[in-house]
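Please read the structure below before turning to the comments.
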Amino acid sequence: MSRYRHGLGLAGLLGAAVAYELVVRALFSPLHVPPLTAIAPEAVRLLGEARFWTATGRTLLAAVVGLAIALAAGVVLGFAIGSVPGLLRVTSSTLDFLRPVPSIVLIPVLILVLDVKEITVLLVAVSCFWIVLFQVLYGVREVDQVAVDTARSFRLGRLARIVHVTWPTVLPYLGTALRLIVSVALALALTGGLVMGTAGLGEMIWSSQESGEVTGMYALVLLTGGIGVAVDLLARLAERRLLHWHVATRREVAA
Amino acid sequence: GGDEEPAEAGGGGELTTVTLASSPLGHLAPIYIAQDRGIFAKHGLKVEVDTETSDLTSVPSVLAGKVDFATGDLTTLIVARSKGLDVKAVVPASASTGKAGADYGALVVSGKSGITSPKQLDGKTVAVNILTNIAAAAAREAIRADGGDPESVKLVEIPFPQVPAAISEGRVDGAWVVEPFLSAAKAQGAVPVGWGFTDLAEDLTVSAWYTSGAFAKQKPQVASAFRDAVREAYAYAREHEDEIRAKIPTFTEITPEVAGRITLTGWRDEVSRQAAEKLVGYAQRDGLITTAPDLDELILS
Amino acid sequence: MRAGGPLARGAAGAGLALGLPAALLALWWVASAGSTNIFLPPLRVIVEAFGRVWLSGTFADDVVPSLWRLGASYGAALVVGVVAGYAIGRWPVARALTSPLLAYFRVLPAPVMIPVLLVAVGIGDATKLIVIGLGALWPILLNTADGVRAVDEVQLETAAAFRLPVWTRHRLTLRAATPQIFAGARQALGISIIVMVVSEMLMSTDGLGFTVTQFQRSFAIPEMWSGVLLIGALGFALAKLFELVERRALRWHRGHTGREEPS
Amino acid sequence: MTAELLRIEKLGKSYRSRERQVDALTGIDLAVREGEFVSVVGPSGCGKTTLLKIVAGLVPATAGEVVLGGRRVTEPPADLAVVFQEYGRSLFAWKTVRQNVELPLRHHVGRAERRALVADALDAVGLGAAAGAYPWQLSGGMQQRVAIARAIAYRPKLLLMDEPFSAVDAQTRGDLEDLLAQLWHRYAMTVLFVTHDIDEAVYLSQRVVVLGTGTTGVQAQIPIDLPAERDQLGTRSSAHFGELRAQVYARVRRTPRPSTPELLERVAP
Amino acid sequence: MTAELLRIEKLGKSYRSRERQVDALTGIDLAVREGEFVSVVGPSGCGKTTLLKIVAGLVPATAGEVVLGGRRVTEPPADLAVVFQEYGRSLFAWKTVRQNVELPLRHHVGRAERRALVADALDAVGLGAAAGAYPWQLSGGMQQRVAIARAIAYRPKLLLMDEPFSAVDAQTRGDLEDLLAQLWHRYAMTVLFVTHDIDEAVYLSQRVVVLGTGTTGVQAQIPIDLPAERDQLGTRSSAHFGELRAQVYARVRRTPRPSTPELLERVAP
Ligand SMILES: Nc1ncnc2c1ncn2[C@@H]1O[C@H](COP(=O)(O)OP(=O)(O)OP(=O)(O)O)[C@@H](O)[C@H]1O
Ligand SMILES: Nc1ncnc2c1ncn2[C@@H]1O[C@H](COP(=O)(O)OP(=O)(O)OP(=O)(O)O)[C@@H](O)[C@H]1O
Ligand SMILES: [Mg+2]
Ligand SMILES: [Mg+2]
């Protein structure tokens, strides 16, 4: 089953690749949007370069650190706000106000106290934090009153209720959040390179753009997306292990 | 930053470290060469180039003393100065070659458009990389100098790398573009019709290395040592263009083949005061600033 | 316990909602009052700039185009996200087929896509709409898919046993997934405002993001901060609007999970 | 004698997961005539619900087959109504009681007739006044009656009920039993009825099927030859009722109980 | 005579929402002694579950008060266990059967003793072999027994059970009844037991409380003076059992039924 599923995923990717090739060849000049047949060899060449791996390492590091911060902060705050009565009502307007402020606008201010690497991590962390926070806040609302009543009747404390009742209920929502923030983290780590020149894949892409190396740039984009695919695979494996009891997972395992 | 007084030029002793912030662009070539050839050391300096920077971060970084020198285009520096930001231009980073028809930036149109002169762009859409910098001024001035009305032109922001595609796909009617994209655009059928840099001023300083007023005041020797070293580097560069062209591919993604073909920026020793005055005028006219900055404060004497 | 009419309760609610922001603003006001850092101007100066900039023609010139872009792409993302998310959540084959592909596209940041879109669709609003839409799409799509996947099997079995028409069954499944779809839509709202601002930083001639960027580039720092305030206020207003819709649509869910407060 | 409607042959079902394998049903053979009322009794966990779900085409069997009206069941057949054991979860929380009952009728009957059907069904289960309430505003027994109302308003040919009266009080239960018997007579439905109440099984049905646990299959099929017209007091106190009841009890008692671990499930190695 | 443990006074509860107002309970007065076994019967929707939840401190009353061991109940009191009517929803889907039963014990007893308690409780309800399964892998009756096992493993002082045997077969039900009676004796628990089965109520309890619908309050309290030692066959066939049963039946029959719309709920204007 699992192999079959991965086979389908591969088929999806191949289909998209073929579609891309056809559309690009039909509609675009290879100078502006190169076909895959031109990008792929370039990507393979990049894979052999140490430079590429260093850049990838840097980008992934920023993404991972930012993501970890966001996850920790989002989960802690989300559970606190979501499970302490009244706290949501007090904080919600502030959250709503702060949520849409694009951190990119604040870069000139942030640079006064942080360096670009830290800002990149911060960009990642802030964007992912909001996603985790809201996903947790919505997840907390799924908690079944009967389950809570059961826990309360056995006098499980607030913390124990969070661990044994709220947390597992929120977990599927967090699963969704995880897949969202994994890509957001990568995308923003790249953006850091693109708008601030933070060393890494984003900066390489920027540099290729600035040097008019269109094919090189597309090759980098192709490889970056590859990271996304790999991470998604991991996320799905994790879901099968951690959420095996959840309707969604068990239905698919049975199917 | 540099925390010690520099030794006298040429003297031995400790080198003062200065940090430079600039994106990895062509104008860094003379700096790297100067570093290789010990020109900075000769002036008692050791430079560290921080390429992890951008337009967004360089001015605050310099003002906060996180880096000593950075590059910025002259219009941006003028605007910053007029808003009270204490920036000081030290030495040009890139300059117009001063030769219309052979400059490193130009106003281009599609070869198929039938447009042959800038004033025909009246009422059309023209791309510049940033609306508030020298590119916009250059584009406007090219049209104005040709007798057109820049007010009627719709300026949009398109980053330089996308200009060749935007022109050849007909997404914009004209675009201000610099090397290496000027060459790329020409190779894809675009034709230059205006040379805004030379229209702006005869000896236009396009961008400059600048520092903060505080730094210039506290460590005047370092600032002038840096200026002298860069000037010496430019003198070398003027004589050894091939070395510059060979250097560019080592720190950018530009291929040696392209680097050998593009028009290089001019290297000048002085931030042109005359050009700056003109730019102030344009900036006032285009509504970028309301009060003219004191150019004595802006340009390190 | 139930003292006070709806008016009093409304006032108490407003007090709860606005208390913290008011306190924070006051704190900011005091803390920044003596600031000499040009990048962190006193709130007083920012508020002055706010009046000057936004309570004039700029509002109509910039906020209106931004709002229209936001509305159009958010709406489109909602439709596409729910439909695609439903298909992916409902049919494991669809999920298996598209999962890596979508993971691939999710990673691409807007600045990477814009050059491609520039060539493909040009410099008009279309590019911005697509970029905003793509930003808003993922949370909606993923949440819809996961919400649909998690629909109670007894509900699906009930619908199947009574042989309800296919469309009714799809509608029921979708309805059962609405709590999580709303979570996605809520995420997307915040994200799309941000992406709207970011997308207007490129290739734009108007809009909130454009104006804020211009302020930033021309070192009009108080004006820039006033733009940030406006963006926050906009987000706040849209979030409240969203909540209004959500409260109506998810009342059953509050009741079902035992959170329906007496009114 | 009417024609055979449902034939279950060598039916088997095992649930497999990574850690456990449970043979819920093995070698079940059963035939139900059209218009028959058959009750299924058996110990908790013996596979009654599984059987019903397979007959309803909701769960695929892992062995054998179910043939309904000459057709192999692979998806829910037409004119079927099910009252699920998990009545609470089978109601749609965002729909009112009325809308829940109305839902299956929407594409079959006109608006006016639908209204009448729904109102009648709700009145019949004593929930006329709760039509506008949401399921989560109701007590357990009320929710169960909504599920019953939905099934009877639908007027199915085949009615599958899984412990439909488990959550209502004795008196309501009696009323609902009579209601069901009446409807069955009037609309010539075929009913497959799972219950834990042996008296109820005897009182309502024409045949009681005793199911054994897991691998043991159908233990007994006891025909209930009580007169067609039954009533709570008369029938239940009749001597023949007592005999039949005792007979079923005896069979049930002899059925291996699932509380014995070996029978409850055979955990795969 | 032992001391009074629970006193319920003028208890009232109305559920209010935008469209409806339901008076689930009005003017309930009830006292329970320590170690007493009290059953509550009453028509579906009369407020039994609501009463239990108020006693458990899970739902706030809208009138009157509940005093437990001298303290007004505002939150769940110590040493309380509840078997909820919605047994399915009260089990944690992400925990195995064993973990579900173990959860309330975690902070009270050591690991070894806990293991033993859990294993005993599961064996007692016949689910020893299903300890490693997840609730959704179990049949309805099995789930209900997990909930029972969880409550009895906890050894509460006060045990509230809401139709705890509704989903199990007759024989298992009998066994569980006896198990409960035994535990009640051995651990001197106080039990408040909601059921729809009047025989069961009489068989198990020392007193049967008949609840009326909505505004009608407690209809009757019938002391069950059967001998302390009871057994399924002997007790149930005794003449006195029959008398008591008839007495309760008669009271229940006279109780206004909620199927009458006016009584079911009073919709607020
Ligand atoms: N989804 C499932 N996954 C794994 N095992 C299951 C599943 N559903 C049921 N079972 C197992 O199948 C067996 C039969 O279950 P079923 O629900 O059919 O019993 P039942 O006769 O309806 O019992 P009850 O009277 O308690 O409702 C049980 O042992 C149960 O554990
Ligand atoms: N959350 C709620 N919101 C509104 N009304 C409710 C709610 N819970 C219960 N009710 C109403 O309160 C009344 C009593 O409900 P309760 O669940 O206590 O009855 P019950 O005696 O346990 O019935 P049953 O025997 O059917 O379980 C019912 O009319 C029901 O509709
Ligand atoms: Mg069952
Ligand atoms: Mg109840």
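Not measured: the values here are computed from a predicted model. Sequence lines set the chain letters: A, B, ... in the order given, protein chains first and strands last, and positions in each chain run from 1.
Put simply, the side chain of E:Phe84 reaches to within 4.5 Å of the side chain of E:Lys53, judged on heavy atoms.
Side chain to side chain, E:Ser90 and E:Arg150 meet the donor-acceptor criterion of an N or O pair below 3.5 Å.
Of the two parts of E:Pro135, neither the backbone nor the side chain holds a non-hydrogen atom closer than 4.5 Å to a non-hydrogen atom of chain A. At a 4.5 Å heavy-atom cutoff, the contact between A:Arg152 and chain E is made by backbone and side-chain atoms alike. Interface remark: E:Ala56 contributes no atoms to any contact with chain A (heavy atom separation under 4.5 Å). At a 4.5 Å heavy-atom cutoff, the contact between A:Asp149 and chain E is made by backbone and side-chain atoms alike. Residue E:Ala78 touches chain A through both its backbone and its side chain, counting heavy-atom pairs closer than 4.5 Å. Neither the backbone nor the side chain of A:Val148 comes within less than 4.5 Å of any heavy atom of chain E.
Taken from CD in E:Gln143 to CG in E:Leu91, the straight-line distance is 6.0 Å, to the nearest 0.5 Å.
Note on ring orientation: taking the six-membered ring where Trp is involved, the planes of A:Trp167 and A:Phe79 are tilted (angle from 30° to 60°).
Of the listed residues E:Trp94, E:Tyr134, E:Tyr154, E:Phe92, the one with more heavy-atom pairs under 4.5 angstrom with chain A than any other is E:Trp94.
Within a 6.0 Å radius of NZ in E:Lys13, other residues, nucleotides and ligands contribute more than 12 heavy atoms.
Side chain of A:Ser183 to main chain of A:Leu180: a donor-acceptor pair is present (N/O by atom type, distance under 3.5 Å, no hydrogens or angles).
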